[in-house]
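To start, the structure itself, in structure tokens.
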Protein chains: 2
Amino acid sequence: MSRTATENGAALGQVLELTVLLGADMSQALVREGLTESRAHLLWELGQRGPSTQQSLARALGVTPRNVTGLVDGLVQTGFVERRPHPSDRRATLVTFTERGERIAEEFQRGRAQVAELLFGDLPDELFSPFVEALGRVLDRLRTALAEAAEGGR
Amino acid sequence: MSRTATENGAALGQVLELTVLLGADMSQALVREGLTESRAHLLWELGQRGPSTQQSLARALGVTPRNVTGLVDGLVQTGFVERRPHPSDRRATLVTFTERGERIAEEFQRGRAQVAELLFGDLPDELFSPFVEALGRVLDRLRTALAEAAEGGR
DNA sequence: TATTGTTATACTCTATAACTATA
DNA sequence: TATAGTTATAGAGTATAACAATA
């Protein structure tokens, strides 16, 4: 083996710590804005897609339509989104940003860019390039393994 | 600037995808074992510390003692842990693994090692070394920023 | 007095199943 | 008959506050 299992394990430990810290940072910011992770995730998807039916949000988030009802209820109460009638389908509602919601969604994007600069801004290219290359390969391995597990589990 | 914000943003995107996929993989495995993330986290800490009071678990997990009561209730019902009297303090209970719990905790460790091999086993040293170096620096930046944010927020 | 764990209460996220209005 | 969203019900995780037993 070119490397010990201990070295690979330590690298995974670093990756896991990174996920924990990024999660903590995000969570901090959300609490400040009066949001939960689930609600923020919905706002993020809404920002990516524009006004959306609850069904499409449910599919995007990978949760049940009933769950989306609850999340939208919360976001309506706290003033981030509105329910509007769908122009051509009277069964459906279009979830749309309020001004406040729009502002927050833009802040998300800015915040994400700031985090990217914080993490990588000072990293010299000699490290950044192989980092991205290695990360790409690691992701490929993981995607493949998960897809195979999903195949086998069916 | 040596790199564009777009490149840094893309790198962050990769990192975030990695966190999502690792979370999905872990979650898959936990559901198979009849565990939730919170309960698995408690088992993990218990494995690191050995038999523990609920207070110490609460501190380790960063949740309230009341919350630990619920998690331990669930783990007792599903046969992963037992409550035993504390030998010297009759107020406290010692949460200890059952045989089944012990077995699962060992499987966690093996599973984690397998994931490490899956992710990094095929990565050539020329990529692995700078990857770890870069990751270390990124973690330092993030730890520092979070510590400062915690300072300021007090 | 302080600490350990629990009861009481409440909020959020999540799911399934049944129901209403509309397509 | 099928789809969009909601009501009903339930379980899990989380929190605060009040309380019992013990230190």
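Within every chain, numbering begins at 1; the chains are lettered A, B, ... in the order of the sequence lines, protein sequences first and strands thereafter.
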In whole Å, what is the span from the CD atom of A:E37 to the C1' atom of D:dG13?
13 Å

Give the rounded distance in Å between these two atoms: CD of B:Q77 and P of D:dA12.
8 Å

Please report the distance, rounded to the nearest Å, between CG in B:L71 and P in D:dG11.
17 Å

Can you find a heavy atom in the side chain of B:P65 that is under 4.5 Å from one in the side chain of B:Q55?
yes

What I'd like to find out is whether the side chain of A:L75 reaches to under 4.5 Å of the side chain of A:F97, using heavy atoms alone.
no

Any base atoms under 4.0 Å from B:T69, or only sugar-phosphate, or nothing? Heavy atoms, all strands.
base

Going by heavy atoms in the side chains, are B:T36 and B:L30 under 4.5 Å from each other?
no

Can you tell if the side chain of B:P51 reaches within under 4.5 Å of the side chain of B:E82, non-hydrogen atoms only?
no

Once you measure the plane-to-plane angle for A:F131 and B:F131, does it fall in the parallel (<30°), tilted (30-60°) or perpendicular (>60°) bin?
parallel

On DNA chain C, nearest-nucleotide positions of B:R83 versus A:V63: which is more 5'?
B:R83

Residue set satisfying side-chain contact (heavy atoms from CB on, under 4.5 Å) with B:R49, at least two apart, ordered chain then number -> B:E45, B:S52, B:A60

Do nucleotides 16-23 of chain C as a string where each nucleotide becomes B, S or -: B if the base has a protein heavy atom under 4.0 Å, S if just the sugar-phosphate does, - if no protein is that close.
B----BBS

Cationic tip of A:R3 above B:F120 ring, under 6.0 Å, 45° of axis
no

Could you tell me how far apart B:D73 (CG) and C:dA8 (P) are, to the nearest whole angstrom?
14 Å

Side chain proximity check, A:R83 to A:D73, heavy atoms < 4.5 angstrom
yes

Of residues 38-61 of chain B, the positions that come close to DNA chain C - non-hydrogen atoms, cut-off under 4.0 Å:
B:T53, B:Q54, B:Q55

Could you state the CG-P distance from A:L35 to C:dT12, rounded to the nearest angstrom?
12 Å

Atom CZ of A:R84 and atom C1' of D:dG5 are separated, to the nearest Å, by 19 Å

Separation of D:dA21 atom C1' from B:H86 atom NE2, nearest Å, is 16 Å

With side chains defined as the heavy atoms from C-beta onward, is the minimum distance between B:V76 and B:V72 less than 4.5 Å?
yes

